[in-house]
Amino acid sequence: MPDPTAADEVLRAPHVLEYTYTRSVGPVIGAFLTGLRQGRILGATGDEGRVVVPPAEYDPVTARPSGELVEVGPGGAVSTWAWENEPTADHPLSRPFAWALVVLDGATTGLLHVVDAGSPDAMASGMRVRPRFRPEGERRGHLLDIECFVPEESS
Amino acid sequence: MTDATSTGQEPVAIMESPIHVDYRFTAGLAQSRFLKGLSQGRFLGQRCPRCHKVYVPPRGSCPTDGVPTTDEVELSNQGTVTTYCVVNVPFQGQSIEIPYICAQILLDGANLAFMGLIQEIAADQVRMGMRVEAVWVPPEELGPTMASVRHFRPTGEPDADYESFKEYL
């Protein structure tokens, strides 16, 4: 039996840090999350024709307060993406997927989400995708009320 | 646009955003020796071959001279409270009843103080220079963790002279 006090034995142990933050979301993100719970995606109208998704309280360029919230999507186009081969326990999907910026129809900015495409060969910039919402009873006002996006032709 | 209340639910005002970081901690040689000492109810430190200071817990090198500290030293079970604070504020996950005393303890023979819990004395009785000793958990509960030291308690000896610990505040 190896000597547990052997001088050359280096100890290792799991070390988990967890911060259980809860934060208030404010009127604009609050409306966005409320929309998600209802199965709708909202963007904020800004200056120069911008529609920002997720909505921000202020225009990202002029810093003026955003105008009214408008519904966008549900479909959109992938502007850029990266393939995730080895999902971790904290990732939205347990099988390989793509991280993607999705410019929803009617929006001018990309929403960071995941695309369940099966293979990187099925991914391309400009491809059409649509959201797969969780069933109504499982939605809780969270970005992951959209389980993922899926290629439009496969839906 | 349907408003939130038409679904019979309040608009979303709060979100949970937990942060979870899963580390695997490697103690290194020096700290592994220290931790193994704890599982035997002993404090093991290391001495710098150049300045002869004794570090406990040891990190394997001297922060002043930058040389490996290879010389192992077993320290006393007793030490001196150099400074302390009384914790009166409850917080999530607190495991000790408040008020309690969190102190910097300089073991006899050491040149580095570490943090320890002081018990078996009223919070308003603790003082700088107070002599204390480690109270270990029962032998079957000892392990390579600071939890092997249940707490420190007063020895009843006269307080240490301020001059003897003023460098370790």
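Computed from a prediction, not measured in an experiment: that's the story for all the values here. Every chain is numbered from 1 and lettered A, B, ... according to where its sequence line falls, protein lines coming before strand lines.
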Identify the two heavy atoms, one from [X] and one from [Y], that lie closest to each other, and give their separation to 0.1 Å.
{"X": "B:Ser32", "Y": "A:Leu11", "answer": "OG-N, 2.8 Å"}
{"X": "A:Glu18", "Y": "B:His20", "answer": "OE2-ND1, 2.9 Å"}
{"X": "B:Val12", "Y": "A:Thr34", "answer": "N-OG1, 2.7 Å"}

Test log, rule side-chain contact (heavy atoms from CB on, under 4.5 Å), inputs A:Val10 and B:Thr26: CA-CA 7 Å; A:Val10 172; B:Thr26 300; 3.6 Å; yes
Are [X] and [Y] connected in the hydrophobic side-chain network, where two residues link if heavy atoms are under 4.5 Å apart?
{"X": "B:Leu29", "Y": "B:Val67", "answer": "no"}
{"X": "A:Leu144", "Y": "A:Val114", "answer": "no"}
{"X": "B:Phe152", "Y": "B:Val87", "answer": "no"}

Residue [X] excluded, over 12 heavy atoms near [atom1] under 6.0 Å:
{"X": "A:Glu86", "atom1": "CD", "answer": "no"}
{"X": "B:Tyr23", "atom1": "OH", "answer": "no"}
{"X": "B:Glu97", "atom1": "CD", "answer": "no"}
{"X": "A:Glu68", "atom1": "CD", "answer": "no"}

Flag, side chain of B:Lys36 to backbone of A:Glu9, donor-acceptor distance under 3.5 Å: yes
Expected output: side-chain A:Ser24 to main-chain B:Ile14 donor-acceptor under 3.5 Å: no
Measure the [atom1]-[atom2] distance between [X] and [Y] for me, rounded to the nearest 0.5 Å.
{"X": "A:Thr22", "Y": "B:Met15", "atom1": "OG1", "atom2": "CE", "answer": "9.5 Å"}
{"X": "A:Thr20", "Y": "B:Ile19", "atom1": "OG1", "atom2": "CD1", "answer": "10.0 Å"}
{"X": "B:Glu16", "Y": "A:Arg140", "atom1": "CD", "atom2": "CZ", "answer": "7.5 Å"}

Close side-chain approach of A:Arg12 to B:Arg24, heavy-atom, < 4.5 Å: yes
